Amino acid sequence: GGQLNVDDPLQWLVCKVWITSSGSLCYSNVEDDEPRILVEGKSFRVAHLTMLDVGELVFQLEVGQVSAIFASENQADHNAFVTAFSEVKNGAGKSLNFGQHMANLRAAKNQRL
């Protein structure tokens with residue numbers, strides 16, 4: 001693949017993100033609306049979120065051998081996602097609205113999710 005361009009809509013899939021009652025981080029993309037598990041609840045303790053320098057709101061999510069690149073649509077969605085990720089990772093996710101749509105993200109298309 002070439003250089004990831006955060007402003008090129010052809011390189012990204014718009015996704016809805018939420019957290020299940022079991023603490024799994026799930027998403028669905030707008031093309032097929034099929035729910036997928038991004039991070040299982042039991043895997044959160046080894047999950048890492050790293051900001052990337054290709055765009056202000058672009059980050060990489062790594063869980064074991066799985067790695068995925070996402071971009072937040074705006075600062076509010078980014079803050080909601082990062083806060084929820086941190087709360088679940090630290091076991092303090094009881095205050096979250098489980099099952100409810102939490103943030104809009106864009107997933108880089110050139111990856112297997």
Side-chain angles (χ1 to χ4, degrees):
Q3 180 70 20
L4 190 61
N5 181 352
V6 72
D7 297 316
D8 181 358
L10 297 177
Q11 292 187 19
W12 299 90
L13 280 174
V14 176
C15 301
K16 293 183 288 188
V17 181
W18 67 94
I19 294 174
T20 68
S21 57
S22 62
S24 295
L25 184 66
C26 296
Y27 76 101
S28 65
N29 68 57
V30 294
E31 288 187 354
D32 62 16
D33 208 31
E34 185 72 28
R36 296 172 176 85
I37 295 176
L38 186 59
V39 184
E40 289 190 37
K42 64 181 182 290
S43 301
F44 248 105
R45 65 185 179 280
V46 296
H48 296 283
L49 190 151
T50 307
M51 297 305 297
L52 301 179
D53 60 6
V54 295
E56 186 182 348
L57 301 175
V58 180
F59 58 92
Q60 184 171 21
L61 195 59
E62 295 175 283
V63 185
Q65 300 299 312
V66 178
S67 173
I69 295 175
F70 291 92
S72 303
E73 289 289 324
N74 53 55
Q75 191 68 53
D77 277 336
H78 184 75
N79 292 347
F81 178 84
V82 171
T83 298
F85 177 88
S86 298
E87 286 190 6
V88 173
K89 184 172 170 66
N90 296 327
K94 298 169 194 66
S95 64
L96 298 172
N97 293 325
F98 290 117
Q100 294 187 12
H101 175 207
M102 175 184 68
N104 290 314
L105 299 180
R106 291 178 289 159
K109 282 186 178 180
N110 61 347
Q111 58 189 341
R112 292 180 59 109
L113 288 177

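This structure is a prediction, so every number in the text was calculated from the model and none was measured.
The backbone N or O of Phe70 lies less than 3.5 Å from no partner atom in the side chain of Trp12, so there is not a single donor-acceptor pair. Side-chain N or O atoms of Ser43 include none that pairs as donor or acceptor with a backbone N or O of Val39 at under 3.5 Å. The backbone N or O of Glu34 sits nowhere less than 3.5 Å from a side-chain atom of Ser28 that would complete a donor-acceptor pair.
Interatomic distance, CD1 of Ile37 versus SG of Cys26, reported as 5.0 Å (0.5 Å rounding). Rounded to the nearest 0.5 Å, atoms CG (Leu13) and CZ (Arg106) are 11.0 Å apart. Atom OG of Ser24 and atom CH2 of Trp18 lie 11.0 Å apart (nearest 0.5 Å).
Lys109 approaches Leu10 most closely through the heavy-atom pair CD-O, 3.2 Å. Of all the heavy atoms in Thr50 and Glu62, the pair that sits closest is OG1-OE1, 4.1 Å. Asn5 and Gln11 get closest at one heavy-atom pair: N-OE1, 2.8 Å. Looking at every heavy atom in both residues, Val58 comes nearest to Met51 through O-CE, 3.5 Å. Minimum heavy-atom separation, His78 to Ser72: ND1-OG, 2.8 Å. Shortest non-hydrogen contact noted between Asn74 and Leu57 is C-CD1, 3.5 Å.
Side-chain contact between Phe85 and Leu61 is present, with at least one heavy-atom pair separated by less than 4.5 Å. Inter-residue side-chain proximity for Tyr27 and Leu105 is flagged as unmet; no heavy-atom pair is nearer than 4.5 Å. Between Asn29 and Arg36 there is a side-chain heavy-atom pair separated by less than 4.5 Å.
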message = Run Glu73 and Val14 through side-chain contact (heavy atoms from CB on, under 4.5 Å) and show every step you take.
response = CA-CA 9 Å; Glu73 289 289 324; Val14 176; 4.2 Å; yes
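Pairs engaging residues 75-86 under the salt bridge (charged side-chain N to carboxylate O under 4.0 Å, His left out) rule: none recorded [sequence neighbours left out].
Of the options Ile69, Val82, Leu52, Leu49, a side chain to side chain contact (heavy atoms under 4.5 Å, CB included) to Phe59 is made by Leu49 and by none of the others.
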